[in-house]
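All chains are named by letter (A, B, ...) in the order of the sequence lines, taking the proteins before the strands, and each is independently numbered beginning at 1.
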There are 2 protein chains.
Amino acid sequence: MLRISKMTDYAVVLASHLAAADGAHAARDLALQTQIPEPTASKVLKKLARAGVVISQRGAKGGYALARRPEQIGINEVIEAIEGPIAVTECSDESTDSFCEYETNCGVRANWQRINLAVHRALSEISLADMAFPGTAELVSIALSGKDAERMRDAGTQSNDVH
Amino acid sequence: MLRISKMTDYAVVLASHLAAADGAHAARDLALQTQIPEPTASKVLKKLARAGVVISQRGAKGGYALARRPEQIGINEVIEAIEGPIAVTECSDESTDSFCEYETNCGVRANWQRINLAVHRALSEISLADMAFPGTAELVSIALSGKDAERMRDAGTQSNDVH
DNA sequence: ACATATGGGACTGAAACGGTCCGGTATATA
DNA sequence: TATATACCGGACCGTTTCAGTCCCATATGT
């Protein structure tokens with residue numbers, strides 16, 4: 001579940017790169033700048049475009065640009081663009097849903113939703129803007145700039161122990 | 001990254017099952033009760049034992065039991081027992097750490113830590129008790145004894161808030 | 001001793017992952 | 001209009017991981 005695939009890593013790198021330098025950029029340029037093999041970068045960008053994270057412009061002088069402002073794009077969108085819906089179990093698929101033999105199992109399975117939700121929430125609290133500007137990233141628990149602060153407040157109030 | 005593997009699903013089911021009925025249980029019995037193929041269940045339980053989530057007793061009358069009380073076991077432990085450390089990128093491995101060519105990439109990679117942290121925290125806030133007793137799942141802070149579990153199991157199968 | 005039950009690892013078929021390549025289509029520019 | 005540019009949609013392939021099974025060694029209660 002929780003091992004990050006290379007493709008996803010690429011996606012975050014590329015999206016963050018776009019966030020840092022706005023405007024349209026060709027896949028080729030992005031690939032060079034991020035040190036990602038060109039065909040692979042292209043593949044990733046296509047998926048991001050399909051998912052609505054970036055918009056594409058075809059033809060000469062075309063390229064990719066973020067679909068929205070970096071602060072308005074959650075990291076979950078980038079991840080889901082590559083990996084599909086987050087943390088689904090077979091049981092939460094429409095097909096075999098509501099078909100468990102033992103109520104204990106079924107109860108457990110229903111609670112996967114809770115896990116999914118928690119993860120989804122945690123990821124959506126992190127925006128591309130947070131990723132694009134490392135300067136403020138180190139200071140997670142200390143001082144944060146305005147927008148970041150608001151976002152972090154809701155995310156991190158429950159408990160701060162990470163053991 | 002975020003697709004849950006079957007093994008992990010099994011692990012959660014088995015651990016939750018143990019949480020609901022405390023005491024030692026043989027792998028064989030657990031497999032039957034959870035409808036998980038026996039060799040596979042056995043494999044999963046071994047991993048859980050290795051990770052310290054459950055304790056094992058060998059020999060006749062042996063079996064598996066939770067290592068701690070259900071409320072004290074985070075779901076992240078169960079997941080990590082099967083899948084290893086959560087959400088690592090190659091960059092965050094000791095080997096190639098601190099060796100990025102482009103500062104933008106490096107900044108992004110550093111921010112993976114933030115993502116990892118967010119996910120980890122979200123998961124650690126869900127305990128096995130929450131999974132085992134769906135009815136009282138909202139009340140995270142309330143501790144339950146093993147005996148209460150059986151009572152709850154009958155009553156508490158309906159409160160599935162899927163947000 | 002003997003039956004029971006876990007520990008560790010080897011092994012296999014199937015699926016996913018990482019990466020590449022190609023033909024098709026849209027578009028800016030000369 | 002002709003042409004170069006650049007994205008779109010897949011096909012393809014080698015490698016790795018996943019899911020599942022099986023076997024033998026070891027520990028333990030009766």
Side-chain angles (χ1 to χ4, degrees), chain A residues 1-14 18 23-67 79 81-85 87-90 93, chain B residues 1-14 18 23-67 79 81-85 88-90:
Chain A
M1 161 191 186
L2 289 167
R3 182 148 274 104
I4 284 167
S5 73
K6 253 183 191 172
M7 288 304 203
T8 305
D9 186 25
Y10 293 159
V12 173
V13 170
L14 287 167
L18 279 174
H25 297 264
R28 191 171 203 292
D29 297 339
L30 292 170
L32 288 175
Q33 291 161 4
T34 56
Q35 296 282 89
I36 298 171
E38 197 196 320
T40 301
S42 180
K43 188 179 196 174
V44 170
L45 286 165
K46 284 178 204 170
K47 286 193 176 181
L48 289 176
R50 226 177 223 213
V53 176
V54 303
I55 52 177
S56 61
Q57 175 72 22
R58 285 164 85 157
K61 285 244 176 182
Y64 293 96
L66 284 190
I79 292 173
I82 307 300
E83 318 225 0
V88 285
T89 53
E90 279 146 29
D93 257 345
Chain B
M1 160 192 186
L2 287 167
R3 181 146 275 108
I4 285 167
S5 74
K6 251 182 192 171
M7 288 304 203
T8 305
D9 186 25
Y10 293 159
V12 173
V13 170
L14 287 166
L18 279 173
H25 297 263
R28 192 176 199 305
D29 297 340
L30 291 170
L32 289 174
Q33 291 161 2
T34 56
Q35 295 282 92
I36 298 171
E38 196 197 321
T40 301
S42 180
K43 189 181 196 173
V44 169
L45 286 164
K46 284 177 201 172
K47 286 193 176 184
L48 287 176
R50 224 180 227 204
V53 175
V54 304
I55 53 178
S56 62
Q57 175 72 19
R58 285 164 84 155
K61 288 249 177 183
Y64 293 96
L66 283 191
I79 293 174
I82 306 300
E83 317 225 2
V88 283
T89 53
E90 281 146 27

Given atom [atom1] of [X] and atom [atom2] of [N], what is their separation to the nearest angstrom?
X: Leu32(B); N: dA5(C); atom1: CG; atom2: P; answer: 12 Å
X: His25(B); N: dT6(C); atom1: NE2; atom2: C1'; answer: 16 Å
X: Tyr64(B); N: dA27(D); atom1: OH; atom2: P; answer: 15 Å
X: Leu14(B); N: dG20(D); atom1: CG; atom2: P; answer: 12 Å
X: Ile82(A); N: dA16(C); atom1: CD1; atom2: P; answer: 17 Å
X: Lys47(B); N: dG20(D); atom1: NZ; atom2: P; answer: 12 Å

Which residues share a side-chain contact (heavy atoms from CB on, under 4.5 Å) with [X], sequence neighbours left out:
X: Ala41(A); value: Leu14(A), Ala31(A), Ile36(A)
X: Arg58(B); value: none
X: Ala26(B); value: Asp29(B)
X: Lys43(B); value: Met7(B)

Could you give the distance from CG (Leu45(B)) to CZ (Arg28(B)), rounded to the nearest 0.5 Å?
14.0 Å
Shortest non-hydrogen contact from [X] toward [Y]:
X: Ser56(A); Y: Tyr64(A); answer: CB-CE2, 3.6 Å
X: Ala67(A); Y: Ile55(A); answer: CB-CG2, 3.9 Å
X: Ala51(A); Y: Ala81(A); answer: CB-CB, 3.4 Å

Out of Thr8(A), Val53(A), Asp9(A), Val12(A), which one pairs with Ile82(A) under the side-chain contact (heavy atoms from CB on, under 4.5 Å) rule?
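Among Thr8(A), Val53(A), Asp9(A), Val12(A), the one that satisfies the side-chain contact (heavy atoms from CB on, under 4.5 Å) with Ile82(A) is Thr8(A).
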Sugar-phosphate only, base, or nothing, as touched by Arg28(B) at under 4.0 Å among non-hydrogen atoms:
nothing
For the helix from dA1(C)-dT30(D) to dA30(C)-dT1(D), how many degrees between its two end axes (five pairs per end), to the nearest 10°?
20°
Any Arg50(A) side-chain N or O less than 4.0 Å from OP1/OP2 of dG9(D)
yes
I want to check one thing: is the phosphate of dT6(C), taken as OP1 and OP2, less than 4.0 Å away from some side-chain N or O of Ser42(B)?
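Answer is no, no contact under 4.0 Å.
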Scoring nucleotides 18-30 of chain C by protein non-hydrogen atoms under 4.0 Å (B base, S sugar-phosphate only, - none) yields SBB---BBBBSS-
